[in-house]
Amino acid sequence: MTVQEIPSVATKRRHAAQSARDVPRRRPASRRQHRAFYLFTTPWLAGFVLLTAFPMGYALWMSLTNFDGISPYWHFIGLDNYRELFNDPATWQSLGRTGEFVLISVPLTMIAGLALAVMVNRPLRARGLFRTLLYLPAVVPPVGAGLTFKMIFDRDSGSANGVLNVFGIRAINWLADPYARYVIIMAVLWGAGNIMIISLAGLQDVPKEFLEAARIDGAGAWRSFRSVTLPLLSPVLLFQCVTGVIAATQTILPLVLTPLSTLASVTTIPQSNYQYMMNVFAQYFAYGRFGYASALLWMLFAMILLITGLIFKVTAGAVFYNVDPEAKK
């Protein structure tokens, strides 16, 4: 190459400037794009402010007063409601029953939902029909499910006692102690189809290559399920555990299952089902202590946050996220 053929520094800079001009630049967002953004986000923001942020703030303010819901003569009492609930035996008793219910119902529903998912994931005839029938109870709202079980286990006209009468067994008062707790657990298990659908989606996401490799290595069905399927399902199981705990601590099924003439008679709920939310209902509608009940709800909110964080902390090393390492970069 001759000296004349070597490009000068000025020529290189000219070509670089020309190339930079040829690269299309990102235009700043136009006013129309800004307007579209706010147009689509405003309904959500309005709903969040009006239906979530404002009610929570109002309940927090109410928890610092002795407001009874009716009388205009209320006073700001600071943290007195919170001091009272920490010293109230009824609060801790109802909290203990709620914890017992969570420890029983959440694992049972997760196991039942996973077992149903494994069953309907197999190549069965009319598999779609089975999936639909098993999922249908989960579509029924909790109030409808509670009323259904209330009719089934009614002492005088329920079908459960009708079946017992066929075998000569005396009628049982299912909706009273000590049987009331078993009825509510059966009502929760009846809606395990929701867990089944989520578990089924997780099972279908398990790579078949992993299962075939385990089978070639001599692993049986149970070993493949325990060593391959369950680790890959761990994110799904974690999601079910967290949402199940949150739902179980806020369940209103005891209120629906108990024959109440008015909401003020919530105190007549069987003691085995007198859980934390039932104590909140009693404070609101039976005793008219809106400030104290709001403090109970804020304590429940704090407990749910604490329990959720604890679950994530404990399961941090046991959850396997099947993510491509290159995707994290």
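As the structure is a prediction and not an experimental result, all values here were calculated from the model.
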* **Shared hydrophobic cluster for Leu103 and Ile195 (ILVMFWY, side-chain gaps under 4.5 Å)** => no
* Structure fact -> CZ of Phe86 to CG of Leu79, rounded to nearest 0.5 Å, is 10.0 Å
* Asked: Do the side chains of Leu129 and Leu136 join up, straight or via other hydrophobic residues, at under 4.5 Å, putting them in one cluster?
  -> yes
* Which pair of heavy atoms, one from Val120 and one from Leu134, lies closest together, and at what distance? -> CG1-CD1, 3.7 Å
* Structure fact -> Contacts of Glu212 meeting salt bridge (Lys or Arg N to Asp or Glu O under 4.0 Å) (sequence neighbours excluded), chain-then-number -> none
* To do: With sequence neighbours left out, write down each residue that passes salt bridge (Lys or Arg N to Asp or Glu O under 4.0 Å) with Arg215, or none if nothing qualifies.
  => none
* Within a radius of less than 6.0 Å around CZ of Arg223, do more than 12 heavy atoms belonging to other residues, nucleotides or ligands occur? -> no
* Asked: With side chains defined as the heavy atoms from C-beta onward, is the minimum distance between Thr65 and Phe290 less than 4.5 Å?
  -> no
* **Verify same cluster id: Val106, Leu306 (apolar side-chain graph, 4.5 Å)** => no
* **pair Val188-Phe101: side-chain heavy atoms closer than 4.5 Å** => yes
* Supply the atom-to-atom distance Ile198 CD1 to Leu114 CG, rounded to the nearest 0.5 angstrom. => 12.0 Å
* To do: Give the minimum heavy-atom separation between Val245 and Ile311, together with the two atoms involved.
  => CG2-CD1, 4.2 Å
* Has Leu310 got more than 12 heavy atoms of other residues, nucleotides or ligands less than 6.0 Å from its CG? -> yes
* With sequence neighbours excluded, tell me which residues meet salt bridge (Lys or Arg N to Asp or Glu O under 4.0 Å) with Arg131. => none
* **Minimum heavy-atom distance between Gln250 and Met277, given as atom pair plus value** => CA-CG, 3.6 Å
* Structure fact -> Taking every heavy atom of Leu232 against every heavy atom of Pro207, the minimum-distance pair comes out as CD1-CD, 3.8 Å
* To do: Give a yes or no on whether the backbone of Ala90 and the side-chain of Asp88 come within a donor-acceptor separation of less than 3.5 Å.
  => yes
* Atom of Val319, atom of Thr315 and distance for their closest heavy-atom approach -> CG2-O, 3.1 Å
* To do: Show your reasoning for whether side-chain hydrogen bond (donor to acceptor under 3.5 Å, both in side chains) applies to Tyr276 and Thr249.
  => CA-CA 7 Å; Tyr276 193 87; Thr249 53; over 6 Å; no
* Asked: Should Ser294 and Phe67 count as side-chain neighbours, where that means a heavy-atom distance under 4.5 Å?
  -> no
* To do: Mind checking the OG-CG spacing from Ser94 to Asn273? Nearest 0.5 Å is all I need.
  => 12.5 Å
* Shortest non-hydrogen contact between Gln275 and Ala248, atoms and distance -> OE1-O, 4.2 Å
* To do: Test Gln240 against Ser199 for side-chain hydrogen bond (donor to acceptor under 3.5 Å, both in side chains), laying out the working first.
  => CA-CA 9 Å; Gln240 293 173 352; Ser199 300; 2.9 Å; yes
* To do: Please answer whether the main-chain N or O of Ile172 pairs with a side-chain N or O of Asn161 as donor and acceptor at a distance below 3.5 Å.
  => yes
Using residues 177-185 as the side-chain source, report each donor-acceptor pair under 3.5 Å to any protein atom, sequence neighbours left out, with the distance given to one decimal.
residue: Asp177; atom: OD1; partner: Ser272; partner atom: N; Å: 3.3
residue: Asp177; atom: OD1; partner: Ser272; partner atom: OG; Å: 2.5
residue: Asp177; atom: OD2; partner: Gln271; partner atom: N; Å: 3.1
residue: Arg181; atom: NH1; partner: Glu100; partner atom: OE2; Å: 3.2

* **Sole candidate of Tyr58, Tyr82, Tyr292 that passes side-chain hydrogen bond (donor to acceptor under 3.5 Å, both in side chains) when paired with Ser63** => Tyr82
* Asked: Do Met62 and Leu51 sit in the same hydrophobic cluster, where Ile, Leu, Val, Met, Phe, Trp and Tyr count as joined when their side-chain heavy atoms come under 4.5 Å apart?
  -> no
* Would you say Asn165's side chain and Arg170's backbone share a donor-acceptor pair under 3.5 angstrom? -> no
* Reported CG-to-CG distance for the pair Asn173 and Asp154, which is rounded to 0.5 angstrom -> 8.5 Å
* **Contact check, side chains of Met56 and Phe301, non-hydrogen atoms, under 4.5 Å** => yes
* Asked: Just by distance, do the side chain of Ser227 and the backbone of Ser224 share a donor-acceptor pair under 3.5 Å?
  -> no
* Is there side-chain contact between Asp68 and Arg289, with heavy atoms separated by less than 4.5 Å? -> no
* Do Met110 and Cys241 come close enough that some side-chain heavy atom pair is under 4.5 Å? -> yes
* Asked: How long is the span from the OG1 atom in Thr52 to the CZ atom in Phe48, to the nearest 0.5 Å?
  -> 6.0 Å
* Pairs flagged by ring-ring contact (aromatic ring centres under 6.0 Å, His included) wherever residues 149-171 is involved - sequence neighbours left out -> Phe149-Phe153, Phe149-Trp190, Phe153-Trp174
* Asked: Atom OG1 of Thr251 and atom CD1 of Ile246: how far apart are they, to the nearest 0.5 Å?
  -> 14.0 Å
* To do: Name all residues meeting the salt bridge (Lys or Arg N to Asp or Glu O under 4.0 Å) criterion together with Asp80; count only those two or more places apart in sequence or in a different chain, and write none if there are none.
  => Arg83
* **Aromatic contact, Trp61 with Trp74 (centres under 6.0 Å)** => yes
* **Any donor-acceptor pair under 3.5 Å from Asn66 side chain to His75 backbone** => yes
* Asked: Hey, any chance Ile304 and Trp92 share a hydrophobic cluster, counting ILVMFWY side chains that come within less than 4.5 Å of each other, even indirectly?
  -> yes
* Asked: Quick one: are Leu296 and Asn279 in side-chain contact, heavy atoms under 4.5 Å?
  -> yes
* Is there side-chain contact between Met196 and Tyr135, with heavy atoms separated by less than 4.5 Å? -> yes
